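For reference, the structure discussed in these notes is given below.
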Number of protein chains: 2
Amino acid sequence: MGTRYDGTPEEKLALDTYIKLTRASESLEARLDRRATKHGLTVSQFGVLESLLHLGPLTQGVIGRKLLKSSGNITVVIDNLEKRGLVRRDRSTEDRRQVFVSLTPEGEELIRRIFPEHARAITDEFSALTPDEQRELGRLCKKLGLAGDSPGPDAPQNRAQRQAESR
Amino acid sequence: MGTRYDGTPEEKLALDTYIKLTRASESLEARLDRRATKHGLTVSQFGVLESLLHLGPLTQGVIGRKLLKSSGNITVVIDNLEKRGLVRRDRSTEDRRQVFVSLTPEGEELIRRIFPEHARAITDEFSALTPDEQRELGRLCKKLGLAGDSPGPDAPQNRAQRQAESR
DNA sequence: TGATATTATTTCAATGTCAAAACAATTAAC
DNA sequence: GTTAATTGTTTTGACATTGAAATAATATCA
């Protein structure tokens, strides 16, 4: 394990922590994916259905920002869900650029059936940590995540970034 | 934020922690990716080059397991790196099923130039946490990761898993 | 109002990704 | 020593993903 790299101690610690975080997240994701896939849903599809179940109809833009995916990607994912009759598209009448996506009865039936299983799987995974450890992990992740405040895939680069680029 | 889902308190805590972990990891990854991409490398390509730089020539299988990617995937990634002249393939003489991948001079030049930048970017991101917090985050991630001991994408399902499935 | 900018979605090309099947080479069992 | 099982890679088909360009609709403001 460990990155055979000799930088400063700060760099070593950060790299080491980064690897642990990434591996934990990715391997966890991989295990959960494999379960979701059993129901014929990809992670993104699952994410869309779950959002719609818990938040009601949403525009594609909102879904994309929620799942940290590009608008182009969301179009494709919704395409595939629509083909299988799990969601419906409705052009907004107020702002005809927007498209509202909502669950069909079949979609709702499916996600309602699958979600509790998913929740249980996650609970299972996290039972490796005590409740206090989970809270601490959550706190640290949040602190780390907020630091950079991810602009999201679509977001155009701002002045500061463009400037940094042109150096 | 938060998953509007009423399960048990255990489920709520686990789901909440899961979301924070995932978002932290994904948004961090997204920010780092954007930098790596500037050099015309994808994350996977970067991962391969970095492994080769720090560990020397490796077989595709080893690379795949290290990066938690399937063998089919690694084939494609190496294909693309090879096309660009950054790595070389050499069939092993000892076991002719294996393919050793190594850096070409161009590949080595590139990764040597880029890696320190990457390390600095990561260090920068993690400076949001104190050293102690970083160590604690690492510990929790490791504990969590070990729990499931990810089988990796390719790994065939073993007896225990097949049994669990058929329940 | 009319030109211009912004916003939401779609399309496209390139790459990544997995699972499963096909192949090829090696090892184990008989 | 053949046959059978295993192992490492490639291929294939389906979906995901991004960034950039194209479209279309709305908002701004001179």
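Remember, it's a predicted structure, so these values are computed and weren't measured experimentally. Lettering of chains follows the sequences in order, A, B, ..., and the numbering in each one begins at 1.
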Could you tabulate the donor-acceptor pairs under 3.5 Å formed by side-chain atoms of residues 109-119 of chain B, not counting sequence neighbours?
from	atom 1	to	atom 2	distance (Å)
B:Glu109	OE2	B:Arg113	NE	3.2
B:Arg112	NE	B:Glu108	OE2	3.0
B:Arg112	NH2	B:Glu108	OE2	3.0
B:Glu117	OE2	B:His39	NE2	3.1

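- Under the 4.5 Å side-chain criterion, counting only non-hydrogen atoms from C-beta, B:Gln45 is not in contact with B:Val48.
- Looking at B:Leu67, B:Val101, B:Leu103 one by one, the single match for side-chain contact (heavy atoms from CB on, under 4.5 Å) with B:Ser51 turns out to be B:Leu67.
- With the nearest nucleotide of DNA chain C identified for both B:Thr42 and A:Gln60, A:Gln60 has the one nearer the 5' end.
- Contact check for B:Val77 versus B:Ile63: no side-chain heavy atoms found under the 4.5 Å cut-off.
- Annotation: proximity of residues 100-111 of chain A to DNA chain D (heavy atom, distance under 4.0 Å) is found for no residue.
- Regarding B:Ile74, its CD1 atom lies at a distance of 10 Å from the P atom of C:dG16, rounded to whole Å.
- Between the CD1 atom of B:Ile78 and the P atom of C:dT15 there is a distance of 14 Å, given to the nearest Å.
- In this structure, B:Arg65 reaches neither bases nor backbone, as no heavy-atom distance under 4.0 Å exists between it and the strands shown.
- The footprint of chain A on DNA chain D, defined by a heavy-atom cutoff below 4.0 Å, extends from D:dC15 to D:dT26.
- Rounding to the nearest 0.5 angstrom, the gap separating the CD atom in B:Gln60 from the CG atom in B:Asn73 is 10.5 Å.
- Of the possible polar contacts, one joining the A:Glu133 side chain to the A:Thr130 backbone as a donor-acceptor pair under 3.5 Å is found.
- Within the structure, salt bridge (charged side-chain N to carboxylate O under 4.0 Å, His left out) pairs that include any residue of residues 39-49 of chain A do not occur (at least two apart or interchain).
- Using a 4.5 Å heavy-atom threshold, the side chains of A:Leu13 and B:Thr123 count as separate.
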Can you tabulate the close N/O pairs, meaning under 3.5 Å, that link protein atoms to atoms of nucleotides 22-29 of chain C?
from	atom 1	to	atom 2	distance (Å)
C:dA25	OP1	B:Arg96	NH2	3.3
C:dT26	OP1	B:Arg96	N	3.1

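- Protein atom NE2 of B:His39 is 18 Å distant from nucleotide atom P of C:dT15, rounded to whole Å.
- Within a 6.0 Å sphere centred on CZ of A:Arg89, heavy atoms belonging to other residues, nucleotides or ligands number more than 12.
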Could you list the protein-to-nucleotides 17-20 of chain C atom pairs, N/O on both sides, closer than 3.5 Å?
from	atom 1	to	atom 2	distance (Å)
C:dT17	OP1	B:Ser44	OG	3.2
C:dT17	OP1	B:Lys69	NZ	3.1
C:dT17	OP2	B:Ser44	OG	2.2
C:dT17	OP2	B:Asn73	ND2	3.1
C:dT17	O5'	B:Asn73	ND2	3.0
C:dC18	OP2	B:Ser70	N	2.8
C:dC18	OP2	B:Ser70	OG	3.0
C:dC18	OP2	B:Asn73	ND2	3.4
C:dA19	OP2	B:Pro153	O	2.9

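- In this structure, A:Thr75 reaches the bases: a heavy-atom distance under 4.0 Å links it to at least one base atom across the strands shown.
- Between B:Arg88 and B:Glu82 there is no side-chain heavy-atom pair separated by less than 4.5 Å.
- Side-chain contact annotation: A:Ser92 with A:Glu94, donor-acceptor N/O pair under 3.5 Å absent.
- With rounding to the nearest 0.5 angstrom, the CZ atom of B:Arg65 is 10.5 Å from the CD1 atom of B:Ile74.
- Distance alone, capped at 3.5 Å, is enough to place a donor-acceptor pair between the B:Ser127 side chain and the B:Asp124 backbone.
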